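Below: one structure, written as structure tokens.
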Amino acid sequence: MKPRPLTVKGVYQSLQKIAISKGTGSQENKQRIVEKLLQDTRGAEESRYIVRTLVQNLRIGAVKTTMLIALARAFLYSKPDGADFAIRSQQELARLKKEDLAAVYNNAEEIVKASYARHPDYNDLIPCLLEIGVTEELLVRCGLQLHIPLRPMLGSITRDLSEMLTKLQGRDFTCEYKYDGQRAQVHCDEAGKVSIFSRHLENMTEKYPDLVSLVPQIRGESVSSFILEGEVVAVDQGTGELQAFQVLTNRAKKNVDIGTIKINVCLFSFDLMYLNGTPLLDRSFRERRELIRSLFVEIPNRFTWVKSIDATSADSEAVLEFFKSATDTKCEGIMVKVLDNASKSNNLEPLETPNNDIDKPESNPNTKGGRRKALLSTYEPDKRLESWLKVKKDYSTSSETLDLIPVGGWHGQGRKAKWWSPILLAVRNPETGSLEAVTKCMSGFTDKFYQANKDKYTEGSANVISRPSYVEYYGEPDVWFEPQEVWEMAFADITLSPTYTAAIGLVSDERGLSLRFPRFLRVREDKSIDEATTSDYLALLWRKQFERSQKEESGPSAPDAGLGWQEE
DNA sequence: GATGACTGCCC
DNA sequence: ATTCTGC
DNA sequence: GCAGAATGGGCAGTCATC
């Protein structure tokens with residue numbers, strides 16, 4: 001077949017065809033489309049782009065931010081025929097001082113980014129830009145809109161409570177339980193139509209008909225339309241007990257019939273971004289929170305707000321106690337949020353970047369350099385700011401860790417192509433003498449460590465061996481390591497695993513144990529492999545974790561084989 | 001209809 | 001999700 | 001301080017195959 005030059009439109013149409021093709025025979029159909037695309041490529045560059053696009057691995061350093069900056073520049077310089085917005089000529093821009101030019105660019109970028117964060121859809125943004133260019137009006141024409149999800153505000157990681165208290169010194173803040181569930185953005189319009197979106201803006205309305213049916217009841221009389229955010233958590237309707245994240249994941253996702261739902265949920269709301277036709281993003285968090293709590297109606301075990309306490313840095317004891325109560329009731333930790341905008345601040349343009357605002361050392365007596373920017377209490381979509389802080393037990397150096405043995409690895413991809421990544425780790429079973437796989441790990445290693453690791457476990461050396469009979473693992477790494485060292489690993493939770501063999505037979509006959517969010521901390525130079533964590537100990541930790549979450553319940557026996565908690 | 005490889009999306 | 005790196 | 005990259009466990013859902 002003769003190659004036909006690829007065009008942007010043509011490739012896009014092919015990708016669309018692949019995306020919508022389904023049902024019996026669809027796989028072959030998709031294959032044909034891919035073959036055709038590859039036949040039509042001219043040269044290695046084109047085929048590389050096609051292949052990487054298909055495997056969702058383009059990695060050319062040009063994603064969202066780059067696109068938005070490029071759009072801002074494009075509409076600063078140029079406009080389509082017939083459009084009547086002002087643009088700057090190259091000569092005009094060239095005459096500006098360096099800082100002034102940067103300010104012009106920056107202003108345009110912030111407008112485009114703000115629009116996209118509130119209304120993340122290029123199909124709406126670009127037509128609007130073509131019509132009016134980069135102006136403040138963009139945020140009106142292409143801004144917050146019901147049934148279009150905005151990008152969520154994110155929290156920064158904080159190592160421990162004392163770091164948090166230091167960062168928020170001098171400010172009123174609130175500490176909220178960080179429930180272990182799924183983030184949800186709930187939209188409701190005047191007519192009562194409801195849409196629910198996930199953290200990554202997937203429409204999951206269909207997954208939660210029970211939440212949809214709840215909306216008329218939680219919406220107080222004075223509420224017509226709203227956008228509200230919260231955490232959906234599996235909750236036992238009999239006891240009100242919070243259930244583990246894994247329970248929530250057992251829910252069906254498609255064609256969910258409200259009558260057959262087995263896993264019930266509660267929505268714990270924590271923010272309100274829009275109310276009765278008005279965006280609330282520029283209101284203080286204290287005000288937004290007050291609106292939720294005064295205008296919405298709680299329903300036991302179905303809808304409420306997150307548990308919280310208000311505090312200042314002087315209340316370290318109360319905060320510590322609150323944190324402990326959160327982790328004791330199966331929460332991941334707490335979220336800490338600034339309640340008000342700094343009183344002395346003249347920073348009243350929440351849509352603008354906080355980045356280049358004048359420093360306010362007097363409102364932040366904390367840091368040594370005194371160079372902190374004022375923390376905002378406004379809702380900043382798509383930003384990970386220090387005005388929202390995540391504190392989790394497992395971030396802290398004082399949290400529980402495991403000492404595992406690296407037993408194998410795979411060839412890395414992309415920037416890790418020269419190294420072993422991920423790496424397979426095991427616990428030891430002193431009864432059988434075997435090593436039982438627990439998890440793969442690819443996080444926490446520096447490039448330098450990777451290089452040293454690759455040098456140590458070189459193919460052909462004595463440290464790389466053929467499949468050892470004493471390692472229990474169903475899969476097949478690219479290389480097996482001669483077990484010889486112990487690595488300290490951090491993790492958030494221990495999970496019952498369908499794929500790993502660690503502690504198999506101790507907690508379940510079919511399933512082993514694995515780790516949620518595993519990451520490397522350091523080599524335990526002081527330990528030999530016969531001092532590594534044992535499967536017994538791992539099972540003990542798992543039971544401890546399970547009991548902690550069960551302790552409210554009165555009599556049930558030990559968490560038994562495999563299913564147990566999944567069946568109700 | 002059951003099984004298993006694979007995908008897409010939660011964290 | 002977490003983490004490291006380069007700008 | 002931010003963007004980008006490389007990947008973790010594990011679930012329901014999809015499709016091919018037996």
Side-chain angles (χ1 to χ4, degrees), chain A residues 18-19 21-31 55-69 113 154-157 178-184 197-204 206-207 231-234 244-256 263 332 353-356 371-373 382-386 390 392 394-395 409-417 419-425 437-450 489-500 502 511-521 566:
Chain A
I18 294 171
S21 168
K22 61 178 185 181
T24 308
S26 62
Q27 213 161 71
E28 267 182 279
N29 187 36
K30 293 179 200 191
Q31 259 169 34
V55 300
Q56 296 171 67
N57 191 33
L58 195 54
R59 309 292 143 108
I60 54 170
V63 286
K64 186 187 62 186
T65 311
T66 311
M67 294 303 294
L68 296 173
I69 292 173
K113 285 183 191 167
L154 306 167
S156 300
I157 284 178
K178 188 176 189 312
Y179 297 86
D180 195 5
Q182 178 174 25
R183 193 164 177 167
F197 300 97
S198 72
R199 186 195 127 107
H200 291 289
L201 314 187
E202 297 292 326
N203 190 325
M204 53 176 190
E206 198 193 353
K207 183 180 170 185
E231 189 81 4
V232 179
V233 187
F245 175 74
Q246 273 196 352
V247 174
L248 184 66
T249 63
N250 288 136
R251 268 185 70 122
K253 293 178 178 156
K254 295 201 157 176
N255 305 313
V256 179
I263 293 149
E332 298 177 278
T353 171
N355 299 14
N356 301 321
R371 145 238 57 104
R372 317 222 75 232
K373 53 193 179 199
D382 208 21
K383 289 188 179 165
R384 193 181 287 285
L385 299 179
E386 306 236 303
K390 277 196 280 194
K392 293 213 237 170
D394 64 290
Y395 295 157
W410 285 262
H411 293 287
Q413 302 282 312
R415 68 181 300 279
K416 297 192 180 178
W419 307 313
W420 299 127
S421 175
I423 290 169
L424 183 66
L425 295 137
V438 207
T439 187
K440 289 184 258 188
C441 179
M442 54 85 204
S443 196
F445 304 112
T446 60
D447 289 5
K448 206 176 144 206
F449 183 89
Y450 273 123
M489 301 280 299
F491 60 98
D493 275 313
I494 299 170
T495 56
L496 257 184
S497 170
T499 49
Y500 288 93
R511 307 173 92 185
L513 296 177
S514 189
L515 307 182
R516 177 143 82 138
F517 310 145
R519 62 259 193 202
F520 170 81
L521 288 180
Q566 300 195 352

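The figures here come from the full heavy-atom set of this structure, side chains too, leaving out hydrogens, waters and symmetry mates. As the structure is a prediction and not an experimental result, all values here were calculated from the model. So that the names make sense, note that chain A is the first sequence line, chain B the second, and so on, each numbered from 1.
- For A:D447, the side-chain atoms get nearest to C:dC4 when compared with the rest of D:dG4, D:dA6, C:dC4.
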Next on the checklist: Run the side-chain hydrogen bond (donor to acceptor under 3.5 Å, both in side chains) test on A:T495 and A:S497 for me, step by step, so that the C-alpha distance in whole Å, both residues' side-chain angles and the decisive distance to 0.1 Å come before the verdict.
Outcome noted: CA-CA 6 Å; A:T495 56; A:S497 170; 5.8 Å; no
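- A:N29 pairs by the side chain to side chain donor-acceptor pair (under 3.5 Å) definition with A:S21, A:R32, not counting sequence neighbours.
- Taking only side-chain atoms of A:S198, from C-beta outward, the nucleotide of C:dT2, D:dG10, B:dC10 with the closest atom is B:dC10.
- Listed nucleotides: C:dT3, D:dA6, D:dC11. Nearest to the side chain of A:K416: D:dA6.
- Remark: A:F491 pairs with no residue by the ring pair (Phe, Tyr, Trp, His ring centres under 6.0 Å) rule, at least two apart or across chains.
- When the P atom of D:dG9 is taken as reference, atom CE of A:M489 falls 10 Å away, rounded to whole Å.
- Between D:dG9, C:dT3, D:dA12, one nucleotide has an atom nearer to the side chain of A:R519 than all others, and that is C:dT3.
- Across D:dC15, C:dT5, D:dG13, the shortest atom-to-atom separation from the side chain of A:K254 is found for D:dG13.
- Going from atom NZ of A:K178 over to atom P of B:dC10 covers 15 Å, rounded to whole Å.
- Using a 4.0 Å heavy-atom cutoff across all strands shown, A:F520 reaches no nucleic acid atom at all.
- Taking a cutoff of 4.0 Å between a charged side-chain nitrogen and a carboxylate oxygen, A:K113 and A:D382 do not qualify as a salt bridge.
- Rounded to the nearest 0.5 Å, atoms CE (A:M67) and NZ (A:K64) are 12.5 Å apart.
- Checking D:dG8, B:dC11, D:dC11 against the side-chain heavy atoms of A:R199 singles out B:dC11 as nearest.
- When heavy atoms are screened at a 4.0 angstrom cut-off, A:L515 is found touching the sugar-phosphate backbone but no base atom.
- Under 4.0 angstrom from either OP1 or OP2 of D:dG9 there lies at least one side-chain N or O belonging to A:T439.
- The separation between A:Y450 atom OH and D:dT7 atom P is 7 Å, rounded to whole Å.
- Rounded to a whole angstrom, the distance from the C1' atom of B:dC11 to that of D:dT7 is 14 Å.
- For A:T446, the side-chain atoms get nearest to C:dT5 when compared with the rest of C:dT5, D:dG9, D:dG13.
- For A:W410 and D:dA6, the CH2 to C1' distance is 15 Å, given to the nearest whole Å.
- Within 4.0 Å of A:F445, counting heavy atoms only, lie sugar-phosphate atoms of the nucleic acid but no base atom.
- Within 4.0 Å (heavy atoms only), A:K392 reaches sugar-phosphate atoms of the nucleic acid but no base atom.
- When the nearest nucleotides of DNA chain D are assigned to A:S156 and A:V256 by heavy-atom distance, the more 5′-ward of the two goes with A:S156.
- For A:H200, the ring pair (Phe, Tyr, Trp, His ring centres under 6.0 Å) criterion is met by no residue, not counting sequence neighbours.
- Ranking D:dG4, D:dT7, B:dC11 by closeness to the A:T65 side chain, first place goes to D:dG4.
- Contact annotation for A:K253: base contact, defined as any heavy-atom pair under 4.0 Å involving a base atom.
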Give every pair of a protein N or O atom and an N or O atom of nucleotides 16-18 of chain D that lie under 3.5 Å apart, one pair per line with the distance.
residue: D:dA16; atom: OP1; partner: A:G25; partner atom: N; Å: 3.2
residue: D:dA16; atom: OP1; partner: A:Q27; partner atom: N; Å: 3.3
residue: D:dA16; atom: OP2; partner: A:G25; partner atom: N; Å: 3.1

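- For the OP1/OP2 pair of D:dG4 and a distance below 4.0 Å, the side-chain nitrogens and oxygens of A:R415 include no atom meeting the criterion.
- Scored by the ring pair (Phe, Tyr, Trp, His ring centres under 6.0 Å) test, A:Y395 finds no partners at all (sequence neighbours excluded).
- At B:dC11, none of the side-chain N or O atoms of A:T249 fall inside 4.0 Å of OP1 or OP2 (strictly under the cut-off).
- Considering OG of A:S443 and CE of A:M489, their distance stands at 9.0 Å, rounded to 0.5 Å.
- Between D:dG8, D:dT7, D:dC11, one nucleotide has an atom nearer to the side chain of A:P518 than all others, and that is D:dG8.
- When rounded to the nearest whole Å, the span between NZ of A:K383 and C1' of D:dA3 equals 14 Å.
- Comparing atom distances between the A:Y500 side chain and each of B:dC11, D:dG8, D:dC11 picks out D:dG8 as nearest.
- With rounding to whole Å, A:K30 atom NZ is found 11 Å from D:dT14 atom P.
- Close to D:dG10, at under 4.0 Å from its OP1 or OP2, lies no side-chain N or O of A:R251.
- Look at CZ on A:F449: it is 16 Å from P on D:dT7, rounded to the nearest Å.
- Comparing A:Q413 and A:T499 by the nucleotide of DNA chain D whose heavy atom lies nearest to each, the residue mapping closer to the 5' end is A:Q413.
- Contact check, A:T495 against D:dG10: a side-chain N or O comes under 4.0 Å of OP1 or OP2.
- Across all strands shown, A:K390 has heavy atoms under 4.0 Å from sugar-phosphate atoms exclusively, and none from any base.
- Residues forming a side chain to side chain donor-acceptor pair (under 3.5 Å) with A:S198 (at least two apart in sequence, or on another chain): none.
- Salt bridge status for A:R516 with A:D394: absent, with no side-chain N to carboxylate O gap under 4.0 Å.
- Protein atom CG of A:L248 is 10 Å distant from nucleotide atom C1' of B:dC11, rounded to whole Å.
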